[in-house]
There are 2 protein chains.
Amino acid sequence: MTTATDAATDTAAILDGDRARTEILDAAAKAFMRKGYAAASIDDVAEVLGCTKGRIYHHYRSKADLFFDVHKRGMAMDLAAVRGCAKEGQAPLDRLFDMAVAHLLVIMNELAYQRVAVQGLEMHLAGQTTPEQRSTLREILALRDEYEGLFAAEIARAVEAGAIPAQEVGLVVKPFLGALNWTTIWYRQRRNQSQAERRRIAEQIARFALRGLGTTP
Amino acid sequence: MTTATDAATDTAAILDGDRARTEILDAAAKAFMRKGYAAASIDDVAEVLGCTKGRIYHHYRSKADLFFDVHKRGMAMDLAAVRGCAKEGQAPLDRLFDMAVAHLLVIMNELAYQRVAVQGLEMHLAGQTTPEQRSTLREILALRDEYEGLFAAEIARAVEAGAIPAQEVGLVVKPFLGALNWTTIWYRQRRNQSQAERRRIAEQIARFALRGLGTTP
DNA sequence: GCATTCAACGTACTCGGTAGTATGTTTGTC
DNA sequence: GACAAACATACTACCGAGTACGTTGAATGC
């Protein structure tokens with residue numbers, strides 16, 4: 001099929017291509033975080049990168065596609081972190097705590113992506129003409145529902161285990177995630193803030209959320 | 001100074017003016033909620049109103065001023081509701097619960113204004129040229145801090161009263177308000193949803209927030 | 001070694017949309 | 001009947017998304 005050198009150059013090309021796209025995504029996330037998606041221009045993103053629009057439009061067909069990729073990358077970070085922290089034979093409440101802390105650390109460490117991901121999706125559904133873009137939006141919404149489902153399922157297990165009082169899982173998961181996600185609104189990244197300090201903040205917020213469910217510490 | 005008729009026409013003019021402005025604000029809140037501030041055009045607002053830009057620019061000098069007024073009106077609703085529900089000789093936790101429920105009911109009943117108020121303020125600080133507008137933004141930020149302070153102060157009183165464990169008030173007030181404000185993100189107004197039903201939802205969320213502080217029900 | 005080719009950009013442009021304005025037009029009021 | 005508030009209409013000026021095309025450097029083939 002392909003020689004060893006072919007494969008090597010191929011993977012190298014792919015990695016380079018991904019790296020180029022990732023750099024663009026990082027810049028886009030920063031620009032979108034500062035001004036918001038609609039107000040930020042492609043030239044703003046290019047200015048963050050220190051280049052011109054040509055580079056961006058060489059890798060992305062439209063501004064909307066760029067936004068979608070930032071959004072999907074942000075959610076992928078969440079899903080990876082929350083799924084990755086699950087351990088075998090863990091009690092539901094312990095697992096919920098770990099999931100919440102993991103989510104909060106991603107928010108604090110990748111604030112730009114997470115802020116963009118929180119920016120309204122539904123509002124963008126209105127002005128989208130291409131069916132392809134509408135399809136992508138539904139896909140992202142599905143990812144979001146799946147993510148919420150991860151927490152909802154764990155809350156349900158905690159109820160079944162009798163660790164917390166019976167309650168409407170579909171309703172309490174909203175303020176639960178709200179307490180976590182609100183961090184994207186007020187939190188400011190500070191240089192020379194250690195990971196330990198961020199973890200301390202994350203654990204306090206996670207404990208608030210766990211107690212909200214009715215845990216008795 | 002002025003005759004009685006003068007005063008009467010003056011107040012009538014003011015009331016009419018306020019009513020006209022309020023109608024514009026209502027339409028602007030809806031338009032901004034759907035598309036976001038930057039993406040919504042003045043013509044969109046006019047279309048909601050069933051008129052043309054002329055009417056809007058007759059009452060507001062710029063789009064930014066319109067946004068500011070929507071924002072201020074939204075926060076005024078919050079402040080009025082939260083301050084209005086305070087009763088004499090109430091325990092801190094009871095008062096906190098009532099405040100939370102009042103806030104949530106305002107969110108659900110005036111979703112458009114509250115969604116606009118949650119839309120980022122800081123991002124708009126960037127592109128503002130007029131010093132007057134920057135001044136207005138600082139004013140709104142001060143209002144927001146004052147509002148958060150109302151809840152923070154009550155939480156501090158609850159700590160002093162020994163009703164909840166000692167904790168960093170400045171930190172826990174964030175997830176507390178986050179659990180409440182997140183309602184602006186997920187909640188959808190449904191017709192034929194009674195006030196009683198909304199209150200039931202509000203009380204569940206408020207209870208979540210109260211338990212998050214460490215209350216033992 | 002040299003021409004070819006193509007990816008990865010930069011440059012210069014078009015064109016539609018939108019904030020804001022300038023100017024009528026109507027309606028009530030004194 | 002003058003006058004002004006409360007709009008509508010018609011326009012301008014500009015910004016920004018997207019495009020067409022030029023440029024460069026580096027791999028490729030012979």
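Here is how names work: the chains are called A, B, and so on, in the same order as the sequence lines, proteins then strands, and each is numbered from 1.
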Minimum-distance nucleotide to A:Lys53 side chain [options: D:dC7, C:dC9, D:dG18]: D:dG18

Distance test, side-chain N/O of A:His59 to OP1/OP2 of C:dC9, below 4.0 Å: yes

A:Met108 versus A:Ile201, closest heavy-atom pair with distance: SD-CG2, 4.4 Å

Nearest-nucleotide 5' precedence on DNA chain D, A:Gly54 against B:Arg55: B:Arg55

Pair A:Arg200 + A:Glu197, salt bridge at N-O below 4.0 Å: yes

Lys/Arg cation over aromatic B:Tyr60: B:Arg21, 6.0 Å, 45° cone: yes

Residues within residues 29-42 of chain B bordering DNA chain C, heavy-atom distance below 4.0 Å: B:Ala40, B:Ser41, B:Ile42

A:Leu180 side, atom CG; A:Met99 side, atom CE - distance, nearest 0.5 Å: 10.0 Å

From C:dT21, D:dG18, C:dT11, nucleotide with atom closest to B:Tyr57 side chain: C:dT21

Sidechain-backbone polar pair: B:Gln133 side chain, B:Asp65 backbone, donor-acceptor under 3.5 Å: no

Heavy-atom closest contact (A:Gln204 atom, B:Val172 atom, distance): NE2-CG1, 4.3 Å

A:Glu168 vs B:Arg207, salt bridge (Lys or Arg N to Asp or Glu O under 4.0 Å): CA-CA, chis, key distance, verdict: CA-CA 13 Å; A:Glu168 294 178 51; B:Arg207 196 164 42 163; over 6 Å; no

Distance, rounded to the nearest Å, where A:Tyr60 contributes OH and C:dC9 contributes C1': 16 Å

Interatomic distance, A:Asp43 CG vs C:dC13 P [rounded to whole Å]: 16 Å

Whole angstrom value for the distance that separates C1' of D:dC7 from CZ of B:Arg21: 16 Å

Near-strand residues of residues 61-68 of chain A, defined as heavy-atom separation under 4.0 angstrom from DNA chain D: A:Ser62, A:Lys63

Per A:His58 side chain, nearest of listed nucleotides C:dA7, C:dA19, D:dA8: C:dA7

Mutual orientation of the aromatic rings belonging to B:Phe208 and A:Phe176 [parallel < 30°, tilted 30-60°, perpendicular > 60°]: perpendicular

side-chain hydrogen bond (donor to acceptor under 3.5 Å, both in side chains) contacts in which one or both residues fall within residues 36-54 of chain B, not counting sequence neighbours: B:Lys35-B:Asp44, B:Ser41-B:Asp44

